[in-house]
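All remarks here apply to the structure that follows.
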Amino acid sequence: QKAVGINYSKFGHEFSKFRDEIREVYPGVYIGKMWMMPGLDLFPREDGSDSIFKVPENGTPQFAMNFILMKENDDEDTNTAGNGGSVPN
């Protein structure tokens, strides 16, 4: 199955050392994997010791988490989406 890769390395924010791979598994439903890239040190400890989210510069990408994305229905009323709007009968 083909995947879409998203590389954030050109962005200057905390996700610049991450990469996502996303695959459509059902129409409008996507499963993704997030990878930590070499050089990541997301939450360095105050004492200077290695953080739990550190990938050495010469290391290999490390799996971080799975996620799911769902496409909104085109004819769905976006004013009620996600805010507890009522479900039609």
Side chains of F18 and M37: closer than 4.5 Å at any heavy-atom pair?
no
| Given the rule in the side-chain contact (heavy atoms from CB on, under 4.5 Å) test, do F63 and W35 qualify, once you have shown the distances and angles that lead to the verdict? | CA-CA 5 Å; F63 174 74; W35 297 89; 3.7 Å; yes
Y26 meets the ring-ring contact (aromatic ring centres under 6.0 Å, His included) criterion, sequence neighbours left out, with none
Between the CG atom in N7 and the OG atom in S16, the distance rounded to the nearest 0.5 Å is 9.5 Å
Salt bridge (Lys or Arg N to Asp or Glu O under 4.0 Å) filter on E21, not counting sequence neighbours, yields R19
Quick note, salt bridge (Lys or Arg N to Asp or Glu O under 4.0 Å) partners involving residues 31-42, not counting sequence neighbours, are none
With sequence neighbours left out, the residues meeting side chain to side chain contact (heavy atoms under 4.5 Å, CB included) with F43 are F53
With sequence neighbours left out, the residues meeting side chain to side chain contact (heavy atoms under 4.5 Å, CB included) with F67 are D20, I22, M34, M65, L69
Does V29 belong to the same Ile/Leu/Val/Met/Phe/Trp/Tyr cluster as I6, with side-chain heavy atoms less than 4.5 Å apart forming each link? no
Applied to residues 54-70, the salt bridge (Lys or Arg N to Asp or Glu O under 4.0 Å) test, sequence neighbours excluded, yields D50-K54
Do any N or O atoms from the side chain of E72 and from the backbone of M70 form a donor-acceptor pair under 3.5 angstrom?
-> no
Scanning both residues in full, the closest heavy-atom pair of P38 with G59 reads CG-O, 3.2 Å
